[in-house]
Amino acid sequence: QVQLVQSGGGLVQAGASLRLSCAASGRTFYVAWFRQVPGKAREFVAGISWSGDVTSVADFVKGRFTISKDNANDIVYLQMNSLKPEDTAVYYCAASKTRYSMPRGEDFYDSWGQGTQVTVSS
């Protein structure tokens, strides 16, 4: 089982930037970021292949969020720029062993980080 440890998050003003980190122990095929607000299902934000060669970003954050991977240290980052109040959520990183196309549904991810709160004020 892949273990994921998250860091980052916090409370920032609209328009600010944050970078979330997800350190992985063990190999997987995809690592993705999801976010969740109370009473709602988790939604896919961005994902990356283990090699870092393939990335996918949800339309609602495209142009603002970037996912990347430090291959030397097995750390996946989510760089969040131009944050909006609607970005407020608990953010989770997750790992999937799916071997073909990158999944966006949470049921395809087997391991999860502990989650971190991102709050954007206006």
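Here the structure is a predicted model, which means the values were calculated and not measured.
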>> Applying a strict under-4.5 Å side-chain criterion to I, L, V, M, F, W and Y, I'd like to know whether Tyr77 and Val57 cluster together.
In response: no

> How close do Val37 and Ala89 get, heavy atom to heavy atom, and via which atoms?
Replying inline: CG1-CB, 3.8 Å

> Should the heavy atoms of other residues, nucleotides or ligands under 6.0 Å from CD of Gln3 be counted, would the total exceed 12?
Replying inline: no

> Between Asn71 and Trp50, is a side-chain contact (heavy atoms from CB on, under 4.5 Å) present by the stated rule, with each step listed?
Replying inline: CA-CA 8 Å; Asn71 289 329; Trp50 188 248; over 6 Å; no

> Does the side chain of Leu83 reach to within under 4.5 Å of the side chain of Leu18, using non-hydrogen atoms?
Replying inline: yes

> Do the non-hydrogen side-chain atoms of Arg35 and Val61 ever get within less than 4.5 Å of each other?
Replying inline: yes

>> Taking the side chain as everything from C-beta on, heavy atoms only, tell me whether Thr119 gets closer than 4.5 Å to Val12.
In response: no

>> Show the nearest heavy-atom pair for residues Ser49 and Lys69, with the distance to one decimal.
In response: O-CD, 4.0 Å

>> Salt bridge or not between Asp87 and Lys84? Use side-chain N to carboxylate O under 4.0 Å.
In response: no

>> When you measure from the side chain of Ser96 to the backbone of Phe108, do you find a donor-acceptor pair of N or O atoms at a distance under 3.5 Å?
In response: yes

>> Minimum heavy-atom separation for Leu11 and Ser121, please, with both atom names.
In response: CD2-OG, 4.2 Å

> Quick one: does Glu43's side chain get under 4.5 Å of Phe60's, heavy atoms only?
Replying inline: yes

> Which atoms form the tightest heavy-atom contact between Gln117 and Thr88, and what is the distance?
Replying inline: NE2-CG2, 3.9 Å

> Are any side-chain N or O atoms of Tyr109 and backbone N or O atoms of Pro103, one a donor and one an acceptor, separated by less than 3.5 Å?
Replying inline: yes

> Do Phe34 and Trp112 have ring centres separated by under 6.0 Å?
Replying inline: yes

> Do you know the tightest heavy-atom contact between Thr28 and Lys97?
Replying inline: OG1-N, 4.0 Å

> Any luck finding a side-chain donor-acceptor pair between Thr116 and Gln114 under 3.5 Å?
Replying inline: no

> Ser17 and Asn81: which non-hydrogen atoms are nearest, and at how many Å?
Replying inline: OG-OD1, 2.8 Å

> Does Gln13 reach the side chain of Val120, with side-chain heavy atoms less than 4.5 Å apart?
Replying inline: no

> Sub-3.5 Å donor-acceptor pair from the side chain of Ser56 to the main-chain atoms of Ala46, do we have one?
Replying inline: no

>> Check whether Gln6 reaches the backbone of Gly115 with its side chain - one donor and one acceptor, N or O, closer than 3.5 Å.
In response: yes

>> Between Arg64 and Ser82 (side chain of the first, backbone of the second, donor and acceptor by atom type, cut-off under 3.5 Å), is there such a pair?
In response: yes

> Can Thr66 and Gln79 be said to form a side-chain hydrogen bond (donor to acceptor under 3.5 Å, both in side chains), step by step?
Replying inline: CA-CA 5 Å; Thr66 302; Gln79 178 67 46; over 6 Å; no

>> Checking Tyr91 against Met80 for the side-chain contact (heavy atoms from CB on, under 4.5 Å) test, could you report, in this order, the C-alpha distance in whole Å, the side-chain angles of both residues, the deciding distance, and whether it holds?
In response: CA-CA 11 Å; Tyr91 284 71; Met80 305 184 293; 3.9 Å; yes

> Under 3.5 Å, is there a donor-acceptor pair between the side chain of Thr55 and the main chain of Ile48?
Replying inline: no

>> The test is side-chain contact (heavy atoms from CB on, under 4.5 Å); show your working for Val45 and Leu78 and say whether it passes.
In response: CA-CA 9 Å; Val45 177; Leu78 183 67; 4.2 Å; yes

> Taking the six-membered ring of Tyr92, is NZ or CZ of Arg42 closer than 6.0 Å to its centre and within 45° of its axis?
Replying inline: yes

>> So does Asp53 get a backbone contact from the side chain of Ser51, meaning a donor-acceptor N/O pair under 3.5 Å?
In response: yes

> Ignoring hydrogens and geometry, is there a side-chain-to-backbone donor-acceptor pair from Asn73 to Ile75 under 3.5 Å?
Replying inline: no

